[in-house]
Amino acid sequence: MLSRIAESLYWIGRYLERADAKARVVDVHLTRIQDEPGTDQERQLRTLLAAMGVDPGDGAVTPSSVVALLAFDQDSPASITAALTAARENARGAREILSSELWEALNVTWHGLAERRMAAAVLGPQVFCYYVRERTAMTTGLISTTMVRDDGWRFLSLGVALERIDMAARMLSTPALAEGRASVLAGLLRSVGGHDTFVRVYQGAVSPANVAEFLLRDQLSPRSVAFSLAAAEALLRELDPGLDDRLGVADGARRALGRMRLALEFRSSAELLDDLPSLIESLLRLTSRTSDEVTSRYFGKSLHVRWAEEVAP
Amino acid sequence: MTAGAPGAGWLLSVKHHTGYRYAGPVFSSYNEARVTPRSDPRQRVLDATVEVSPAASLYRYVDYFGTVVTAFDVHAAHSELTVTASCVVETAPASAVEAAEDGTGWAALADPDTVDELGEYLAPTQRTTAGDELLAAAAQVRAAATPDDGARLAAGWTHTRLDYVTGSTSVHTNAVEALAEGRGVCQDFAHVTIALLRSAGVPARYVSGYLHPTADAAIGETVTGESHAWVEWWAGGWRAYDPTNDSVPGPGHVMVARGRDYDDVTPLRGIYHGGDSQALGVSVEVTRLR
Amino acid sequence: MLAGYRFGAAWDEVYTADGAPRPTYGGLHEALTAAGPEVLASLAAFLGTVFRDQGITFDHEGVERPFPLDIVPRIITAAEWDVVERGVAQRVRALEAFLDDVYGSGLVFRDGVVPRQVVVSSQHFHRQAFGIRPPNGVRVHVSGIDLVRDEQGEFRVLEDNLRTPSGVSYVVENRRALARVLPELFGGHLVRPVAGYPARLLAALRAAAPPGVDDPTIVVLTPGVHNAAYSEHTLLARQMGVQLVEGRDLSVIGNEVRIRTTRGHQRVDVIYRRVDDDFLDPVQFRADSMVGSPGLLNAARAGNVTLANAVGNGVADDKLVYTYVPDLIRYYLSEEPVLRNVETWRLDTPQNIAQVLSNLGDLVLKPVDGSGGKGIVIGPQASDEDLATLRDAVEANPRGYVAQRPVRLSTVPTLIGDQLVPRHVDLRPFAVNDGREVWVLPGGLTRVALPEGSLIVNSSQGGGSKDTWVLASPARPAEPAPDPAGGESSVLAGADLTEPEADLPAGAGAPGLGDHVDGRRPLAVPPDLGPSEPPREQQQQQQQGRTTC
């Protein structure tokens with residue numbers, strides 16, 4: 001597989017997952033913040049932006065400015081629009097590798113964004129978020145049903161897994177967990193699409209510790225951090241051509257993922273909650289470092305080189 | 001040490017060092033060197049080698065103009081690239097060089113078949129485009145009795161018009177710019193003469209090579225030579241002249257490459273990426289062996 | 001629907017001057033009339049959406065644009081096509097010989113067929129390519145020869161494209177789209193399939209591999225997503241099953257070309273490059289190119305990689321060389337040209353130049369090194385100002401132009417709004433040379449000038465395209481399947497709705513795959529239908545049984 005194409009696929013995975021996660025966040029959190037008058041709206045919005053790693057700059061932070069930053073603005077690198085545009089651009093550069101259906105799905109999604117933004121201006125951001133969630137779900141389905149399970153699929157899936165860890169950590173960093181109110185915790189669960197499952201598993205016992213445990217290490221929930229860590233580990237193992245684990249894991253990226261997974265599995269749920277801030281920071285560091293290691297190992301530098309001419313007598 | 005027998009050619013050994021030095025490390029570079037002489041009626045090449053540092057595998061081919069090209073690429077980080085070309089060449093005696101048969105007249109040069117055959121050496125290039133001054137001079141060349149007379153006039157005109165000043169121009173200078181400066185190096189003398197000849201309808205080409213600096217060189221003594229350039233024109237056959245020295249090339253001239261102008265015969269040309277490049281000073285050592 | 005159909009001096013391919021459809025178009029005329037204008041207009045809109053969604057676009061000045069497909073196909077009969085096919089193949093064979101000559105022995109000059117000056121003064125004669133002999137002798141792996149039909153309906157050659165001709169993906173996609181949207185149009189026509197093109201190209205590229213390479217690694221080299229034909233590059237790579245690479249994916253080390261993969265370097269043997277000569281190798285051409293890869297040309301010279309098409313083919317596209325092509329056909333092949341050129345004048349003598357300059361308003365002036373319709377001035381449609389500018393340009397550089405008789409390109413009905421109106425068309429058939437045979441794709445790209453009266457069909461200047469149907473002659477033998485990688489092609493060809501009935505596998509005798517496909521015999525095992533009802537009944541009975549205890 002061409003390094004450049006592998007890198008594109010990896011980023012398609014990341015952008016798709018990012019768009020989906022952001023659409024959930026905007027949908028659930030913004031609605032909640034808007035619906036709860038009396039709470040310190042601006043502070044909450046600022047916390048949300050901080051969790052997403054967005055600097056709001058100077059000036060007031062309002063629900064509409066947050067929607068612009070996280071959803072609509074092409075120029076805001078943190079926006080859903082930017083993520084889907086980047087996904088489509090990467091797909092455009094890898095079209096001969098993607099299935100026609102997958103390419104078409106990404107292309108159509110991108111073409112439809114402008115129209116949904118206009119609709120959202122009238123009907124509210126939910127229209128836009130709904131569209132994005134529906135399209136990403138469809139695209140993910142096509143990945144699952146049309147992509148050959150080769151290294152290309154593995155790089156794409158790796159992108160999805162790492163992004164999912166990253167977004168989960170960011171969601172856990174919002175004060176929702178600390179506040180502990182049931183409605184807020186439910187919103188948090190909804191924003192990762194895990195509310196119904198949680199209710200079944202914990203019989204409705206919504207406590208910060210339960211929520212943290214569920215989001216961090218439920219072995220069966222595909223949206224838990226531990227699940228994605230295990231997935232990323234397995235994918236890296238399959239990607240490693242000269243694999244030999246007899247004397248331990250040589251691949252630094254895989255070792256780091258495994259250590260983190262064990263750290264989550266063997267903590268008590270109370271410890272999980274207590275250590276949360278440092279865990280979140282470690283998780284964010286971990287995804288970023290893993291991404292760098294995968295990049296330098298598999299993607300090489302496919303840079304455009306600017307050559308200079310030289311002449312000597 | 002004694003001079004060789006009169007009338008016999010010379011045996012010359014030439015060592016040509018060239019290359020680049022870089023401000024920062026260079027990771028990759030691709031180059032082509034045109035530094036290897038070929039045998040022709042005026043010279044016999046007994047040995048020719050090219051060495052490159054850092055080491056690279058060399059690929060050799062003959063280009064459109066019949067020049068031997070040495071191509072190589074370097075992919076290890078380096079801050080200096082050097083090319084050393086060495087050759088041993090037997091040159092013809094001066095008398096043999098000068099004894100060109102009588103040239104054709106102007107009418108033969110205007111023959112459509114000749115114009116078509118030699119069109120590449122009649123059309124101006126970017127470096128040999130004539131300005132007003134050259135066009136006026138070309139009219140005088142054209143007025144000479146024969147193309148050979150005209151060509152000698154052209155070379156003489158250039159020799160008078162330009163002062164030889166090392167470093168006064170760059171490898172990118174063209175004929176008009178050199179004339180405006182009023183000075184130049186052998187490359188500029190050749191370009192101006194060629195521009196003049198072509199404007200007058202005489203097919204002309206650029207020759208690059210090496211020059212032993214002394215006419216009666218001592219045998220066995222290694223001296224500093226030149227990486228040199230001169231011209232050839234066509235008047236029923238090709239004949240050579242060295243406008244820088246206003247003389248017919250002699251046994252001290254070693255021909256390496258011919259082309260329409262300098263761009264076709266550049267000794268070392270390439271591309272790289274990395275720090276800024278600066279051409280190393282070129283040095284040529286020549287030894288008359290016989 | 002045809003109310004506004006006006007006839008001009010051009011040859012109309014569908015209707016005779018009295019408004020009756022020509023025999024070839026009878027069926028199509030009926031189908032179009034039956035569908036009616038509203039249906040056609042909405043289907044045309046649907047076609048547009050399909051193309052947009054699939055990303056079948058070209059990039060023009062940084063904007064992705066569709067290349068609109070008109071809903072009315074253009075039909076070429078078997079007899080007409082026979083002339084085109086023979087003519088195009090003949091031309092390619094002669095131009096192959098010419099290129100081999102000018103980059104080698106130069107006999108064509110010695111024998112006085114073409115002046116040396118014509119070649120050495122061409123912008124696209126690349127001395128860097130001199131002496132490079134491709135492995136199987138082929139330089140023109142792919143060509144697109146632009147044809148027009150003149151006022152009498154005769155096909156004439158307008159120009160040759162032997163560098164990196166584009167448009168073949170539209171031929172394939174147009175057919176697929178039209179068959180999907182308007183299958184009823186195809187009824188009763190035996191249209192020859194075009195889907196086999198990628199397999200043919202792949203076979204030709206494999207045949208061009210360096211000697212000793214039995215299973216070559218082939219790649220398509222694209223300048224990148226912003227190239228006008230990027231969408232075509234992806235289609236060809238995907239359908240050939242080869243990698244689409246950019247210059248930055250390649251590295252040439254010691255004259256060997258490699259691609260950078262996630263499992264290290266992989267050697268490349270054949271490059272179908274869609275990067276222009278000038279940008280292909282910064283060592284030899286433009287040093288500022290960022291879309292090529294340094295060292296490619298010497299790798300080809302050393303025989304380690306094959307570049308398809310070869311470097312330097314552009315000299316044969318030069319419009320001045322074009323004027324010599326009939327002579328080249330006679331010289332190299334000892335044949336008479338099957339297809340005539342359009343009447344063209346060289347500006348090579350003072351008399352010719354003067355004559356052309358005094359008739360500028362009646363002529364078409366073309367830059368000799370242009371492509372894509374760039375710089376062409378159509379005298380009868382030009383303003384006085386344009387003509388004055390042109391006059392200066394021609395006087396300054398007569399070698400840079402040729403003059404042509406303005407041909408009124410033939411017209412075909414085209415849907416504009418809900419009206420069918422005549423619009424001018426040309427035809428670019430594509431030929432693939434595998435070294436044994438020059439194969440001409442039965443179809444080609446019909447480009448149509450959409451503005452009324454316009455003769456400029458280029459996509460960058462408001463052109464659209466039409467599906468081009470070449471009819472099979474009833475006596476024609478089945479299409480020979482291209483040998484290597486034939487699997488994909490036969491699948492594609494099989495999917496083509498328009499394959500002549502005669503080519504389908506016959507299903508007599510023992511049950512074969514064809515029987516099931518044809519629906520003549522059901523498969524022995526029916527599909528599972530879901531959980532069945534009876535268990536519930538049984539449960540009820542047991543309950544009844546218990547209550548009786």
Side-chain angles (χ1 to χ4, degrees), chain A residues 1-10 86 88-112 135 148 150-152 154-155 158 235-236 238-243 294-311, chain C residues 49-57 59 64 66 173 176 198 219-220 222-227 230-251 258-266 268 281-295:
Chain A
M1 154 132 310
L2 269 186
S3 299
R4 177 176 54 82
I5 299 286
E7 187 167 22
S8 287
L9 290 169
Y10 169 76
R88 189 243 182 198
E89 274 309 297
N90 276 282
R92 228 181 135 202
R95 256 170 85 173
E96 85 288 0
I97 293 292
L98 301 177
S99 65
S100 317
E101 289 99 323
L102 179 51
W103 152 248
E104 211 175 312
L106 287 163
N107 191 36
V108 169
T109 304
W110 178 76
H111 277 297
R135 294 298 306 180
V148 178
D150 60 3
D151 282 356
R154 291 187 188 102
F155 281 113
L158 182 65
L235 288 164
L236 281 176
E238 289 170 30
L239 282 168
D240 193 340
L243 178 79
V294 168
T295 300
S296 74
R297 173 159 182 195
Y298 292 107
F299 306 152
K301 52 171 200 305
S302 304
L303 300 172
H304 283 296
V305 170
R306 187 179 288 283
W307 297 92
E309 201 170 9
E310 54 187 359
V311 170
Chain C
T49 314
V50 169
F51 270 45
R52 191 203 67 174
D53 289 354
Q54 292 180 351
I56 304 169
T57 54
D59 203 288
E64 288 169 61
E173 296 287 5
R176 242 165 51 109
V219 297
V220 177
T222 175
V225 294
H226 298 300
N227 183 266
Y230 178 72
S231 135
E232 173 158 311
H233 306 160
T234 63
L235 177 113
L236 291 175
R238 197 168 63 222
Q239 297 210 350
M240 290 195 291
V242 306
Q243 313 232 46
L244 179 65
V245 306
E246 294 181 16
R248 56 188 161 138
D249 300 321
L250 296 175
S251 59
R258 299 138 184 230
I259 44 176
R260 200 179 288 114
T261 79
T262 54
R263 308 216 161 182
H265 289 285
Q266 187 188 350
V268 172
D281 181 348
V283 181
Q284 303 290 345
F285 300 105
R286 291 183 56 159
D288 61 350
S289 167
M290 290 170 65
V291 296
S293 183

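Proteins come first, then strands; the chains are lettered A, B, ... in the order of their sequence lines, and each starts at number 1.
- The environment of A:R154 atom CZ is dense: over 12 non-hydrogen atoms of other residues, nucleotides or ligands sit within 6.0 angstrom.
- Of all the heavy atoms in C:R263 and A:D151, the pair that sits closest is NH2-OD2, 3.0 Å.
- Taking all atoms of both residues into account, the shortest heavy-atom contact from C:T262 to A:A6 is CG2-CB, 3.4 Å.
- Of the atoms belonging to C:S231, heavy atoms from both backbone and side chain fall under 4.5 Å from chain A.
- If you take CD on A:E309 and CZ on C:R286, they are separated by 11.0 Å, rounding to the nearest 0.5 Å.
- Between A:L2 and C:I259 the shortest heavy-atom distance is CD2-CB, 3.7 Å.
- In this view, A:F155 and A:Y298, A:F299 satisfy the ring pair (Phe, Tyr, Trp, His ring centres under 6.0 Å) rule, not counting sequence neighbours.
- Interatomic distance, C:E246 CD to A:R4 CZ, rounded to the nearest 0.5 Å: 3.5 Å.
- Contact count against chain A (heavy-atom pairs under 4.5 Å) is highest for C:V245 among C:T49, C:D288, C:V283, C:V245.
- Taking C:S289, C:A237, C:G55 one by one and counting their heavy-atom pairs under 4.5 Å with chain A, the maximum is reached by C:G55.
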CA sep, side-chain torsions, deciding dist, call: C:T261, A:M1, side-chain contact (heavy atoms from CB on, under 4.5 Å): CA-CA 5 Å; C:T261 79; A:M1 154 132 310; 5.6 Å; no
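- In this structure, the portion of C:V242 lying under 4.5 Å from any heavy atom of chain A is its backbone and not its side chain.
- Here the CH2 atom belonging to A:W110 is positioned 12.0 Å from the CG atom belonging to C:D53, to the nearest 0.5 angstrom.
- With sequence neighbours left out, A:R92 forms a salt bridge (Lys or Arg N to Asp or Glu O under 4.0 Å) with A:E89, C:D59, C:E64.
- What you find for C:R238 and A:L98 is that their closest heavy atoms are CD-O, 4.0 Å.
- A:E96 places a side-chain N or O within donor-acceptor distance of the main-chain N or O of C:L244, the cut-off being under 3.5 Å.
- Interatomic distance, A:R95 CZ to C:H233 NE2, rounded to the nearest 0.5 Å: 11.0 Å.
- In this structure, the portion of A:A94 lying under 4.5 Å from any heavy atom of chain C is its backbone and not its side chain.
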